[in-house]
Amino acid sequence: MTIAPAHNGELGQAAWSDAKLLYALEEVVEKELNRHLKVAKEWMPHQYVPWSDGRNFPGVLEGGEEWAPEQSKVSDIGRTALVVNLLTEDNLPSYHHEIATLFGRDGAWGTWVHRWTAEEGRHGIVMRDYLLTSRAVDPDELERFRMAHMSEGFEADNSHSMLHSVAYVAFQELATRISHRNTGHHSGDPVCDRMLARIAADENLHMLFYRNLLGAAFELAPDQTMVAVRDVVTGFRMPGHGIPGFERAAARMALGGIYNLRIHHDDVLQPVLRFLKVLEIGGLGPAGLAAQEELGLFMDGLDGQARKFEERQAAIRARREARR
């Protein structure tokens, strides 16, 4: 069935409404869902937790032992990143509400929304069990952070547009994968590294789903999709930006090599843009061409900012080495 797009004065051309885009992309969603279910592997969160390391904390149970930093096998930067990553995962109820409201609960879209939520739920389960059992972080502080973060509520930056939301998660799922993977590498604990590698594998499959869906959107509505990608890339921020102390933690993670401008440019934005050939797409209207040009200029500027960050990072390391 051919669905005629509605006229949009801002784009200066016929444009698709969210409802019609959802309907038109239903077959693509079903195809990607079936592909995902074939390649996704079942795994058990409890198998990645070192339960034999666990012991009681003070409180209701007898024999509780106070937490102390030296009990943790995880590095300082690993501890910071683990808390940020877990608190981000903790907001899953809000994320589910956002995408279920936007994408719907019926058909292939609804099946994907619920499957995605179920898979993401395992990430928070295994991370919290690992952190508490291995005494990697202060449990009281972690719970206070969780309560403060979730009590603030969450509203997605791109909930106003289905295309903007699809574009965002295509990049965000990859960003989350990279953050988890690098946290594992820098954690100093092989058990933690193995757990986060398993989570990162899930995030990669989620990225593939949304990236392929974004590619289909470019075929269907190239100008609208280009505008959405431009808006998302130039205004991108991680979903955990509302976590208490996020800016300070993000700065530490940047200097520690978990997630910084260079990683964001080279390992998150560039791979998706390059795979979809976003900066090479032709046949665009005025709005699409303008968005494409702005996107290219932004990426060049971000690359320059990343170089400056690397120079500052090298200078900081040199000063630290000199002090030693």
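Computed from a predicted model, the values in this text were never measured in an experiment. No hydrogens, no waters, no symmetry mates; every other heavy atom, side chains included, goes into these values.
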[X] side chain vs [Y] backbone, donor-acceptor pair below 3.5 Å:
X	Y	answer
N212	L208	yes
N56	G64	no
D223	A287	no
S75	H186	yes
S187	G78	no
T133	P50	no

Quick check: are there more than 12 heavy atoms from other residues, nucleotides or ligands sitting under 6.0 Å from [atom1] of [X]?
X	atom1	result
E65	CD	yes
H265	NE2	yes
E27	CD	no

Determine the minimum heavy-atom distance between [X] and [Y], stating which atoms define it.
X	Y	result
P190	G188	CD-O, 4.0 Å
L220	L21	CD2-CD2, 3.7 Å
L284	P222	CD2-CB, 3.7 Å

(message) Run the salt bridge (Lys or Arg N to Asp or Glu O under 4.0 Å) test against E98 and tell me which residues pass, sequence neighbours left out.
(response) none
(message) For R105, give me all partners under salt bridge (Lys or Arg N to Asp or Glu O under 4.0 Å), at least two apart in sequence or on another chain.
(response)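 Partners of R105 under the salt bridge (Lys or Arg N to Asp or Glu O under 4.0 Å) test: none.
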Would you say that [X] contacts [Y] through its side chain, given a criterion of any heavy-atom pair below 4.5 Å between the two side chains?
X	Y	value
R146	R128	yes
P93	M150	yes
T176	T88	no
E89	Y95	no
L261	E310	no
L86	D90	yes
M299	V233	yes
W16	L25	no

(message) Looking at R35 and E32, is any side-chain nitrogen of the basic one under 4.0 Å from a carboxylate oxygen of the acidic one?
(response)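 Looking at R35 together with E32, the answer is yes, because their closest N to O distance falls below 4.0 Å.
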Exercise: do [X] and [Y] side chains pair donor with acceptor under 3.5 Å:
X	Y	value
E119	H36	yes
E120	H206	yes
S179	N85	yes
N91	H149	yes
W43	D202	yes
Y210	W112	yes
D18	S161	no
Y168	D231	no

(message) Taking salt bridge (charged side-chain N to carboxylate O under 4.0 Å, His left out) as the cut-off, I'd like each qualifying pair that reaches into residues 166-188, sequence neighbours left out, listed once.
(response) R181-D193
(message) Please list all pairs meeting salt bridge (charged side-chain N to carboxylate O under 4.0 Å, His left out) that have one or both residues in residues 241-258, counting only residues at least two apart or in different chains.
(response) none
(message) Going by side-chain contact (heavy atoms from CB on, under 4.5 Å), name the residues that satisfy it together with E30, two or more places apart in sequence or in a different chain.
(response) N34, A108
(request) Find out if a path of hydrophobic residues (ILVMFWY) with successive side-chain heavy-atom gaps under 4.5 Å connects M207 to V39. (result) yes
(message) Is there a path of hydrophobic side-chain contacts, each under 4.5 Å between heavy atoms, that joins F275 and I263?
(response)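 Yes; tracing contacts between hydrophobic side chains, which count when under 4.5 Å, links both residues.
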(request) For the pair H123 and H180, name the ring-plane relationship: parallel under 30°, tilted 30 to 60°, perpendicular over 60°. (result) perpendicular
(message) Ring of F246, cation from R237 - is the NZ or CZ under 6.0 Å from the centre and inside 45° of the axis?
(response) no
From [atom1] ([X]) to [atom2] ([Y]), nearest 0.5 Å:
X	Y	atom1	atom2	value
F145	D140	CZ	CG	12.0 Å
N158	H164	CG	NE2	6.5 Å
M226	L295	CE	CG	7.0 Å
H264	L302	NE2	CG	6.0 Å
L92	R122	CG	CZ	12.0 Å
L269	F171	CG	CZ	6.0 Å

(request) Show your reasoning for whether side chain to side chain contact (heavy atoms under 4.5 Å, CB included) applies to K73 and D53. (result) CA-CA 11 Å; K73 299 177 182 178; D53 291 347; 3.3 Å; yes
(request) Show your working on side chain to side chain contact (heavy atoms under 4.5 Å, CB included) between W67 and F57 and close with a plain yes or no. (result) CA-CA 7 Å; W67 181 84; F57 290 102; 4.2 Å; yes
(message) Can you tell me which residue among N204, T183, V126 is in a side chain to side chain contact (heavy atoms under 4.5 Å, CB included) with I199?
(response)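 Of N204, T183, V126, side chain to side chain contact (heavy atoms under 4.5 Å, CB included) with I199 is met by V126 alone.
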(message) Is there a side chain to side chain contact (heavy atoms under 4.5 Å, CB included) between C192 and L82? Walk through the geometry before answering.
(response) CA-CA 10 Å; C192 180; L82 280 163; 3.9 Å; yes
(request) Show your working on side chain to side chain contact (heavy atoms under 4.5 Å, CB included) between H185 and L196 and close with a plain yes or no. (result) CA-CA 9 Å; H185 290 329; L196 292 177; over 6 Å; no
(request) Not counting sequence neighbours, list each pair that qualifies as a side-chain hydrogen bond (donor to acceptor under 3.5 Å, both in side chains) and has a residue in residues 275-301. (result) R230-E294
